[in-house]
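Data first, discussion second: the structure below is written as structure tokens.
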2 protein chains.
Amino acid sequence: MTAPLHPRKNPRQARARATVTAILEAAARILVAEGLERLTTNRVAEVAGVSIGTLYQYFPTKEAILAEILRDKRQQLLEDIRAATAEGTGEGFEARLSRLVEAAIAHQLGQPTLARSLEYLDSLLPLEAETQALKAAILERVAGFLARGGVARPDESARDLVAALRGMIDAAGLAGETDRAALFRRAMRLVRGYLDLGEGVSR
Amino acid sequence: MTAPLHPRKNPRQARARATVTAILEAAARILVAEGLERLTTNRVAEVAGVSIGTLYQYFPTKEAILAEILRDKRQQLLEDIRAATAEGTGEGFEARLSRLVEAAIAHQLGQPTLARSLEYLDSLLPLEAETQALKAAILERVAGFLARGGVARPDESARDLVAALRGMIDAAGLAGETDRAALFRRAMRLVRGYLDLGEGVSR
DNA sequence: GGAAAGAATGAGCAATCGCTCAGGTTTCTC
DNA sequence: GAGAAACCTGAGCGATTGCTCATTCTTTCC
């Protein structure tokens, strides 16, 4: 008889599923184009083409919308990282490292504003446990991969490398760089240098 | 006879100068402790121990306060970078590079929340021209230093390195790391690797 | 000592925000 | 086709925000 503690309804009909998608996409579009502080629930609803009432039937708070976008992005990154570092593919450490860096670039170069907003968002609020867990899982996966490659202090190294790469890719994206191959080469130099791997294959 | 386009008064008496300082310090304190979104003008005035009316005699908008804090921080960083890369000290490229990295750590490890907030702030608003110019001057100075060291594509390299270092130092700060020497060693590995300088002196 | 300029006050305005709720429309189920 | 369930609507509430302005207090200068 208690009122639903979790105000979020989950959509059963196709129409409602489309509504939820529209809301998430609208929020992401606003984030890309204008950033966090210009994102209001009324505006998200307007851009999504639904009423605010509808929005609040599927998302209990404004933060829930943002958390879900971040969750989706991280989930996708985690899967890409899993694929890049998967065992039993016959690839060596360095080949996997390359795919890791490629995944990072693919994940972030496209929408630096979005990535930046989400990252900032994460730093200022205790988000969903699941979202935080994803972040930890990403670092853990990278650390495990580094450990298998014989890298000392894998946790620390994973944190350093992920943060440095993110900074560099983000800056390149904001500066309008679109040449992924060139960026990849520089990113690899950065990573290989940090890991003391010596000169790379590609130059 | 036109009304003052620039609503900011500049303080003439010592009392007023102290007021301006108090406002800036209060804003910085709020930024460190709670972040951008919790910073309101009424709260800044309250923490500073002045009335909002007084605050608005010296700062035309809320953003002006934040811009000034960012300007001060950047000014200080630029001067540290100038000192680190100064000519005629008899030091070599590598010694100067070390001092550059040390300056970056000193500048950012202390208050990662503040640094993060200011950085985000910069990305979402067209701030004062002077603030933007400082950012450009910092990159230019680093690029000039790299060019003198024989580094190819100095502008690109400066952007990459500054962004990567910032990301790494920021992450270390947020993770609670306080051992500057250890962080310095890792940062140098990152930078030296990117620049293809081979093995460093310190391990 | 007195007037003008500088500095400080704080109630409160206009705008905006996140969000609610009473009701209407569409879809599903039998 | 009829009732139920799911879905959608949007006016507007209460709170908060950035900021103004009429007024008062303080300092400077002759």
Side-chain angles (χ1 to χ4, degrees), chain A residues 2-27 30-31 34-69 117 121 124-127, chain B residues 1 3-27 30-31 34-69 117 121 124-127:
Chain A
T2 45
L5 225 267
H6 203 54
R8 186 198 313 213
K9 219 191 293 187
N10 55 338
R12 305 196 184 272
Q13 303 174 4
R15 175 174 52 144
R17 257 171 274 129
T19 295
V20 170
T21 304
I23 290 169
L24 290 173
E25 281 176 357
I30 293 172
L31 232 41
E34 316 182 42
L36 246 186
E37 74 300 335
R38 287 278 213 299
L39 185 143
T40 70
T41 51
N42 286 291
R43 237 161 102 57
V44 169
E46 186 193 328
V47 171
V50 301
S51 72
I52 343 109
T54 295
L55 185 151
Y56 275 98
Q57 283 202 320
Y58 301 104
F59 298 94
T61 63
K62 175 185 164 182
E63 278 73 29
I65 303 172
L66 297 165
E68 181 132 346
I69 293 175
S117 294
L121 177 84
L124 57 79
L125 275 195
L127 292 176
Chain B
M1 290 306 162
L5 225 267
H6 203 57
R8 187 198 313 214
K9 220 191 294 188
N10 54 339
R12 305 196 185 271
Q13 303 174 6
R15 175 173 54 141
R17 257 171 275 129
T19 295
V20 170
T21 303
I23 290 169
L24 290 174
E25 280 176 358
I30 293 173
L31 232 42
E34 315 183 40
L36 244 187
E37 74 298 336
R38 288 277 213 297
L39 185 143
T40 70
T41 50
N42 285 291
R43 233 161 104 56
V44 170
E46 186 192 329
V47 171
V50 302
S51 73
I52 344 107
T54 295
L55 185 151
Y56 276 97
Q57 283 202 317
Y58 301 103
F59 297 93
T61 63
K62 175 185 163 182
E63 279 73 30
I65 303 172
L66 296 165
E68 181 132 345
I69 293 175
S117 295
L121 177 84
L124 57 79
L125 275 195
L127 293 178

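In this structure, CG on B:Leu55 lies 9.0 Å from CG on B:Asn42, to the nearest 0.5 angstrom. For the atom pair A:Glu37 CD and A:Leu31 CG, the distance stands at 9.0 Å (nearest 0.5 Å). Distance check: B:Lys62 NZ to B:Leu36 CG gives 7.0 Å after rounding to the nearest 0.5 Å. The line from CG of A:Asn10 to CD of A:Gln57 is 12.0 Å long, rounded to the nearest 0.5 Å.
When the C1' atom of C:dT16 is taken as reference, atom CZ of A:Arg38 falls 13 Å away, rounded to whole Å. Straight-line distance from the CD atom of A:Glu46 to the C1' atom of C:dC19: 17 Å, rounded to whole Å. The interatomic distance linking A:Leu36 (CG) with C:dC17 (C1') rounds to 15 Å, in whole Å.
In this structure, B:Thr41 does not reach the D:dC19 phosphate: none of its side-chain N or O atoms is under 4.0 Å from OP1 or OP2. An OP1 or OP2 oxygen of C:dT20 is reached within less than 4.0 angstrom by no side-chain nitrogen or oxygen of A:Tyr56.
Within the 4.0 angstrom heavy-atom criterion, no nucleotide atom of any strand lies near B:Ile65.
Under the rule for a side chain to side chain donor-acceptor pair (under 3.5 Å), the partners of A:Ser51 that lie at least two apart in sequence or sit in another chain are A:Thr54.
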In a table with atom names and distances, give each donor-acceptor pair under 3.5 Å that connects a side chain of residues 12-23 of chain B to protein atoms at least two apart or in another chain.
residue	atom	partner	partner atom	Å
B:Arg17	NH2	B:Arg12	O	2.9
B:Thr19	OG1	B:Arg15	O	3.1
B:Thr21	OG1	B:Arg17	O	3.0

Report each atom pair, protein N/O against N/O of nucleotides 6-14 of chain D, whose distance is under 3.5 angstrom.
residue	atom	partner	partner atom	Å
D:dA6	OP1	A:Arg12	NE	3.4
D:dC7	OP1	A:Arg12	N	2.6
D:dC7	OP1	A:Gln13	N	2.8
D:dC8	OP1	A:Thr19	OG1	2.6
D:dC8	OP2	A:Tyr58	OH	3.0
D:dC8	N4	A:Gln57	NE2	3.0
D:dT9	OP2	A:Ser51	N	3.0
D:dT9	OP2	A:Thr54	OG1	3.3
D:dG10	O6	A:Gly53	N	3.3

